[in-house]
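Reviewing the structure listed below.
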Amino acid sequence: MSTSSACFSLFKHCKTFTHLLQVHAFAAKTGLQSHPLVAGQLLLHSAVTLSDTLHYALRFFSSIPSPDPFMFNTLIRGFSESQHPHQSLLTYAQMQRTSVPPDSFSFAFLLKAAANSRSLLSGAQVHSHVVHHGFDEHLFVGTTLVSMYAECGCPHSARQVFDEMSQPNLVAWNAAVTACFRSENVRDAEELFARMPWKNSTSWNVMLAGYTKAGELVSARRLFLDMPFKDPVSWSTMIVGFASNGDFDGAFWFYKEMLSEGLGPNEVSLTGMLSACAQAGAFESGKALHGNAVKSGMICIVSVANALLDMYARCGNVDMAHRVFDREMTKKSVISWTSMMAAFAMYGHGDEAIKLFCEMDECGIKPDGITFISLLYACSHAGLVERGNEYFHQMEDKYGIELSIEHYGCMVDLYGRAGLLEEAYEFVMKMPIKPNAIIWRTLLGACSIHGNLGLAEQAKTRLAELDPNDSGDYVLLSNIYAVAGKWKDVANVRRSMSDRRLIKNPGWSSIEVDKIIYTFVASDISSGVKQEAHNKLSEIMLRLRLEGYIAAVSNVLHDIEDEEKHDAISKHSEKLAVAFGIARTSNGSAIRIVKNLRVCGDCHAVMKMISKVYGREIVVRDRSIFHSFKDGSCSCKDYW
DNA sequence: CTAGGGTTAG
């Protein structure tokens with residue numbers, strides 16, 4: 001074996017940057033680093049295989065007197081997968097200046113760079129170079145062109161490139177189908193799928209993934225059942241697809257079905273199931289999956305451990321989430337740190353979240369935009385206005401992270417929640433991006449917490465222009481009027497709601513008992529289980545009234561008679577779920593509930609009383625935070 | 001020595 005091929009295989013086994021440095025040092029000492037093959041491998045590993053070592057590749061590249069096409073391609077590829085895909089084009093420009101001829105690989109990577117930066121302009125530019133260099137008939141390049149145009153939001157060009165391909169193979173057909181789904185053109189995807197000259201299981205999986213991403217679960221299930229051969233990806237796609245659409249029962253069904261077919265979970269289906277449990281608040285089922293992950297060794301996979309952490313956090317067990325973070329993660333990614341921060345934030349432990357952020361900083365982990373959303377959210381829920389303000393300004397100055405509309409939204413929430421409504425409004429007026437509906441909705445929410453009618457009306461005016469059909473906004477506004485006792489205005493809001501045929505987003509609450517999830521909707525007594533919950537609730541409310549409870553009647557939508565108001569709020573889904581939990585679980589055990597909307601003020605008061613009168617800890621996850629009710633008070637300190 | 005289509009956490 002020659003020394004250069006020995007060096008070659010040494011690179012192949014490089015797993016860490018330190019290892020790479022050692023091999024590089026060896027290559028330098030023996031003079032092999034000037035060998036094109038060796039230099040190429042060094043570049044490949046630093047620019048592509050290892051992460052966060054692109055700077056090293058770049059420095060080495062600039063020391064090479066005349067790089068060959070492989071080296072240029074590798075650098076273009078490295079940039080295309082980096083945070084700055086645009087740099088690929090600059091490398092290509094350098095390639096042209098030094099008269100190194102581009103090949104099909106160069107164009108494939110350049111198109112990938114355009115796709116990753118969602119830049120139609122550079123994509124089209126590269127396309128013209130593809131044609132100029134005569135690669136437009138190349139199968140790989142053509143397929144990448146189809147994907148690029150789809151990613152860049154140009155479905156017509158994607159389709160045109162595909163239609164002009166003289167001999168599209170299976171991969172090209174699959175790419176064309178995916179392109180249709182990307183532009184939400186489900187019918188075209190179906191038409192292409194029907195016309196495909198051959199199909200293997202990947203083609204079916206493309207359809208399954210497309211259907212689930214379009215929310216067409218019925219079509220996905222039907223096609224899945226019709227599939228001649230289901231591979232592990234097919235099962236994972238169904239589980240993840242149903243879980244991400246909030247259909248937990250569906251995800252569980254496919255999971256059980258998969259197991260009964262003799263197929264074990266892989267890391268993707270396991271992650272999907274953990275996410276289903278997280279959303280549903282299925283603590284017991286999630287814990288069982290934890291055991292599974294440990295036994296199979298999949299706990300070592302970062303994505304699995306992250307999903308596990310998130311599951312515990314969303315199932316109301318921040319301590320277990322922290323345990324996973326501290327003891328079970330050999331590797332931590334930005335997502336691990338961010339998830340843990342988000343977990344602390346959800347429980348109102350703003351200080352813990354901030355402490356974690358500082359620790360992360362010291363470990364040299366670079367936060368990204370989503371890390372800051374969690375951090376600002378933590379400050380907001382802990383009422384740390386100054387701290388949040390500081391971090392907001394550091395984002396660009398210190399960390400070089402681009403501010404997005406979500407970050408501005410966090411700031412509006414930060415000010416608004418703290419009752420600084422004027423500051424919040426001023427902030428909105430001064431922000432450099434045009435405020436969207438979510439910004440105004442956040443402000444409206446703050447007005448609802450602090451009872452500011454004038455500003456609420458202004459926010460509603462903006463919302464009427466930006467997103468007039470969100471039923472939640474009408475409900476918020478009518479509640480603000482109701483609190484102020486302005487029943488005429490409540491009636492007006494209600495009328496405009498019905499004129500637009502808007503229906504109040506139905507609130508539901510779920511509770512897990514013996515690994516079964518029971519979901520309750522207000523005023524629904526269609527099943528025996530629900531009747532049971534209603535009966536228990538009546539009994540509880542009677543006892544609470546004896547203890548001095550008076551309903552907060554302003555928390556209902558309209559100006560109905562007082563007695564009816566009592567009736568409407570007494571049947572809120574979270575109350576039914578708690579009643580069911582008290583009926584079905586043993587004395588003294590904690591009751592965990594998930595609610596899709598925010599907890600209303602009356603339910604909040606009732607939960608506090610139940611926790612005291614019945615001696616139960618009640619953990620309620622609403623759409624944004626956790627409430628832990630214990631002995632008559634709540635962890636949110638009535639700040640939510 | 002490199003590439004195109006399907007499933008993965010915040």
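- A side-chain hydrogen bond (donor to acceptor under 3.5 Å, both in side chains) check over residues 201-210 of chain A, counting only residues at least two apart or in different chains, returns the pairs A/N174-A/S203, A/S201-A/D231, A/N205-A/D231, A/N205-A/S234.
- Between A/R187 and A/E191, none of the side-chain N atoms (NZ, or NE/NH1/NH2) sits under 4.0 Å from a carboxylate O, so this pair counts as no salt bridge.
- Between A/K355 and A/D351, no side-chain nitrogen of the basic residue sits less than 4.0 Å from a carboxylate oxygen of the acidic one, so the salt-bridge criterion is not met.
- Considering only residues two or more places apart in sequence or on other chains, A/H290 meets the ring-ring contact (aromatic ring centres under 6.0 Å, His included) condition with A/Y312.
- Heavy atoms of A/T371 sit under 4.0 angstrom from at least one base atom.
- Contacts of A/H45 with the nucleic acid, taken as non-hydrogen atoms under 4.0 Å apart, are absent.
- Side chains of A/N116 and A/E151 form no contact here, defined as non-hydrogen atoms less than 4.5 Å apart.
- Seen from the ring of A/F193, A/K199 counts as a face-on cation partner, given the 6.0 Å and 45° thresholds.
- If you check every strand for non-hydrogen atoms under 4.0 Å, A/K199 touches nothing.
- In summary, contact between chain A and DNA chain B, defined as any nucleotide atom under 4.0 Å from a heavy atom of the protein, begins and ends at B/dC1 to B/dG10 in the 5' to 3' direction.
- Using a 4.0 Å heavy-atom cutoff across all strands shown, A/V302 reaches at least one base atom of the nucleic acid.
- Base contact: A/F109 has a heavy atom under 4.0 Å from a base atom.
- For the residue pair A/S380/A/D413, the side-chain donor-acceptor check at 3.5 Å is satisfied.
- Counting any heavy atom pair closer than 4.0 Å across all strands shown, A/T237 reaches sugar-phosphate atoms only and no base atom.
- Residue contacts shown for A/A342 are absent, as no nucleic acid heavy atom lies under 4.0 Å away.
- A/S236 comes within 4.0 angstrom of a base, heavy atoms only.
- Nucleic acid contact for A/V206: sugar-phosphate only, since backbone atoms but no base atoms lie under 4.0 Å from a heavy atom of the residue.
- Using a 4.0 Å heavy-atom cutoff across all strands shown, A/D310 reaches sugar-phosphate atoms only and no base atom.
- When heavy atoms are screened at a 4.0 angstrom cut-off, A/I373 is found touching no nucleic acid atom at all.
- At a threshold of 4.0 angstrom between heavy atoms, the contacts of A/T74 with the nucleic acid are absent.
- Counting any heavy atom pair closer than 4.0 Å across all strands shown, A/L111 reaches no nucleic acid atom.
- Nucleic acid contact class of A/S333 (heavy atoms, under 4.0 Å, all strands): none.
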